[in-house]
Amino acid sequence: MHDIKLIRDNPEAFEAALRRRSQSYSGIAQKLIDIDKERRETQTLLDELKSRKNAISKEIGIAKSKKDEALANELLKKADIERAINDTLEAKLSSLETKLKDELSRLPNLPFDEVPDGVDEKSNELAKNKDGTPRQFGLIRSFSYPPKEHFDLGESLGYMDFASGVKLAGARFTVLRSQLARLERALGQFMLDLHTTEFGYTEMQPPMLVNDATAFGTGQLPKFGDDLFRTINYSSVRDELTRIHDDFTQQGKTILSDMDDWFKVLEREVFLKSNEVLNDPRFRYWLIPTAEVPLTNLARDLIIDEAELPWRFTALTACFRSEAGAAGRDTRGMIRQHQFNKVELVSIVAPEKSVEEHERMTEAAETVLKRLELPFRTMLLCAGDMGGAARKTYDLEVWLPGQDQYREISSCSNCGDWQARRMNARCRVPGEKQTRFVHTLNGSGLAVGRALIAVMENYQNEDGSISVPDALRPYTGGLTKIEKAGK
RNA sequence: GGACAGGUGGCCGAGUGGUUUAAGGCAGCGGUCUUGAAAACCGCCGUACCUGCAAGGGUACCGUGAGUUCGAAUCUCACCCUGUCCGCCA
């Protein structure tokens, strides 16, 4: 969310930055300023009225305590007149405030100047190291045979079971078995250990179901609810639905004599009401699309002593994504799943530290791939390809020899104060009065499922077995090669 | 899920419709005193918004949201959360 004061002070720059993401934001600054102007005028008016009203109320109190009923009655009449105007203005102010917040909360973050222009991934650039060399690591292995894709490898091994995934849940679910399940676990453990022991992240186990406020804080709501799975606590909803049904039935008997018409109305109304209940924040929970959501929200509604910052959190959680709009993409294999494991990195820092923290976090993610000796490159995303919360994003893309291309395995973003404003997450130098919004950063460190794929394709042998990377051997209980059972 | 008890500032805690401008205490910050520290004493000590060049003035917030009232921390209703006991449960 953006600071309306900044928009007010610098509307052109604000809008120009937004339009780097999409031309559709043309005219938005003026629209916001108009709402804000009316909002402030209304509040000024209302505050003056309230001030008068408060003064009268106080006088009444004094009059009554002095038993001066005549004066009290006279003042009462005066107060009555004030009230009518008051109520109207109050309603107006609250609607303007809501409108402004709604508009602001739907706008994405402003890209940093160094973020390249562009509308999609075609304009992403290979990032550079400090010395100007391309940020590209590892040697791409040359194969004496056509390297296989992970799903072929996994299925021939008998450890990657797509049919069972479909049976148990549906498309985009997979069952890992035996040694591949073990390898997947080893990858997650390895990543957590690296981040906690070498990069100072604190290991966390957050909820994987979150409420509306949490989903709003990181920017999933209000705009992107369709990308998430949601669930309800049915037992608490059931009583509400029953009550609504009974209400309508009761009304139907008394209001309508023609039962056919009544049932049509009932059906429609019950549908609408049920929908309301299912969307009631009291009953619904969102499945997290990433641990960024709960971890970042740990700072929500807090004023943190700056001496305590940075906060660095890591967590290995399942992530759930509806993949609405991804129909037909990556349908084979387990590149794009409804459920996958990911080790997430989240940093909460003082405002002036976020740029340097972003580099540090990206290095933590890169270190995972370096230790696994997987070839990868680091891309700087263009304005149009970044997520809405980010000011700048690095994507780590790992080389997949079976696919003969780089694929995203991590995304590290500096969100500035955009999430902090939504969450009201602030910090303060101990002893000082001024509070400031924290800056938040998040990065995958890494997507475990995709890391598994990368290990499989890069470490495959001609006989279909997979060598276990050295870095993982402490985690695989002596297993150095993954091969078919019974061999 | 049921019963009961609760939710007031960073923390503890008083407050049953009108000098509440939320008492008092603790912690914290500044000062006096002191070679220094402690103690004592004095002062400061929430967040956000509106207004103003500023000094300042104003408004809102006592779990959340509605309501009653000229006036609500206080009364009414709904909800959320916490504690204790019971029930269920990995």
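To find a chain, count down the sequence lines: A is the first, B the second, and so on, and within it residues start at 1. Computation of the quantities below employed the complete heavy-atom set of this structure, encompassing side-chain atoms and omitting hydrogens, waters and symmetry-equivalent molecules.
Side-chain atoms of A:Leu18 and A:Ile28, non-hydrogen and from C-beta on, do get closer than 4.5 Å to each other. With a 4.5 Å cut-off on side-chain heavy atoms, A:Leu107 and A:Leu32 count as touching. Taking 4.5 Å as the limit, some side-chain heavy atom of A:Glu155 sits within range of a side-chain heavy atom of A:Phe162.
Nearest to the side-chain atoms of A:Ser51 among the listed nucleotides B:G71, B:U47, B:G58 stands B:G58. Taking the side chain of A:Lys50 as heavy atoms from C-beta on, and the options B:A48, B:A60, B:U51, the nearest nucleotide is B:A60. Residue A:Arg428 has its side chain nearest to B:U47 when only B:U47, B:C50, B:C70 are considered. The side chain of A:Lys58 lies closest to B:U21 when the candidates are B:U21, B:U47, B:A60. Side-chain atoms of A:Arg8 lie closest to B:C50 of the nucleotides B:U21, B:U59, B:C50. For A:Gln43, the side-chain atoms get nearest to B:C50 when compared with the rest of B:C50, B:G18, B:G46. Proximity note for A:Arg40 (side chain, C-beta onward) versus B:C50, B:U21, B:U47: the nearest is B:C50. Closest approach to the A:Ile60 side chain among B:C50, B:G18, B:A60 is made by B:G18 (side chain taken as heavy atoms from C-beta onward).
For B:G65 and B:C89, the P atoms lie 38 Å apart once the distance is rounded to whole Å. Nucleotides B:C42 and B:C33 have their C1' atoms positioned 12 Å apart, rounded to a whole Å. Comparing the same atom, C1', in B:G71 and in B:G25 gives a spacing of 31 Å after rounding to whole Å. Nucleotides B:C81 and B:G13 place their P atoms 23 Å apart, quoted to the nearest Å. Comparing B:C49 with B:G63, their P atoms sit 23 Å apart, to the nearest whole Å. Rounded to whole Å, the separation between the C1' atoms of B:G17 and B:G10 comes to 30 Å. B:U21 sits 23 Å from B:C26 when the C1' atoms are compared, rounded to a whole Å. Of the C1' atoms belonging to B:G24 and B:C45, the separation is 15 Å, rounded to the nearest Å.
With rounding to whole Å, A:Glu48 atom CD is found 16 Å from B:A60 atom C1'. Rounded to an integer number of Å, the gap from A:Asp3 CG to B:A48 P is 12 Å. Rounded to a whole Å, the CG atom of A:Leu46 is 16 Å from the P atom of B:G58. Look at CG on A:Asp212: it is 18 Å from P on B:U64, rounded to the nearest Å. Atom-to-atom, CG of A:Leu100 to C1' of B:A48 comes out at 15 Å; the value is rounded to the nearest Å. Rounded to whole Å, atom P of B:A60 lies 12 Å from atom CG of A:Leu49. Atom-to-atom, CD of A:Glu41 to P of B:U51 comes out at 9 Å; the value is rounded to the nearest Å. Nucleotide B:A60 holds its P atom 16 Å from the CZ atom of A:Arg39, rounded to whole Å.
Contact annotation: A:Thr435 reaches the phosphate of B:A48 (side-chain N/O to OP1 or OP2, under 4.0 Å). In terms of phosphate contacts, A:Arg426 brings no side-chain nitrogen or oxygen within less than 4.0 Å of OP1 or OP2 of B:U47. A sub-4.0 Å separation between OP1 or OP2 of B:C70 and a side-chain N or O of A:Arg52 is absent.
Here B:U59 sits opposite B:A48 as a Watson-Crick or G-U wobble pair (both hydrogen-bonding atom distances under 3.5 Å). Across all strands shown, B:U20 forms no Watson-Crick or G-U wobble pair with both distances under 3.5 Å. The partner of B:A27 cannot be assigned: no Watson-Crick or G-U wobble pair with both contacts below 3.5 Å exists in any strand. Taking a pair to require two hydrogen-bonding distances under 3.5 Å in either a Watson-Crick or a G-U wobble arrangement, B:C75 pairs with B:G67. The nucleotide B:A3 finds its pairing partner in B:U84, both defining distances of the Watson-Crick or G-U wobble pair being shorter than 3.5 Å. Pairing for B:C53 is absent, with no Watson-Crick or G-U wobble pair whose two atom distances lie under 3.5 Å. The partner of B:G36 is absent, by the rule that a Watson-Crick or G-U pair needs both atom distances under 3.5 Å.
Looking at A:Lys31 and A:Asp34, no side-chain N of the basic residue comes within less than 4.0 Å of a carboxylate O on the acidic one, giving no salt bridge.
For the salt bridge (charged side-chain N to carboxylate O under 4.0 Å, His left out) criterion with A:Glu306, the lone passing option out of A:Arg426, A:Lys353, A:Arg436 is A:Arg436. When each of A:Val343, A:Val368, A:Thr314 is paired with A:Leu194, the side chain to side chain contact (heavy atoms under 4.5 Å, CB included) condition holds for A:Val368 and for no other.
Between A:Phe173 and A:His338, the ring-plane angle classifies as tilted under the 30° and 60° cut-offs.
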What do the steps show when you test A:Tyr285 against A:Arg230 for side-chain contact (heavy atoms from CB on, under 4.5 Å), and what is the final call? CA-CA 6 Å; A:Tyr285 295 94; A:Arg230 76 171 71 167; over 6 Å; no

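Of the two residues near RNA chain B, A:Asp36 and A:Asp47, the one whose nearest nucleotide lies more 5' is A:Asp36. With the nearest nucleotide of RNA chain B identified for both A:Ile303 and A:Asn54, A:Ile303 has the one nearer the 5' end.
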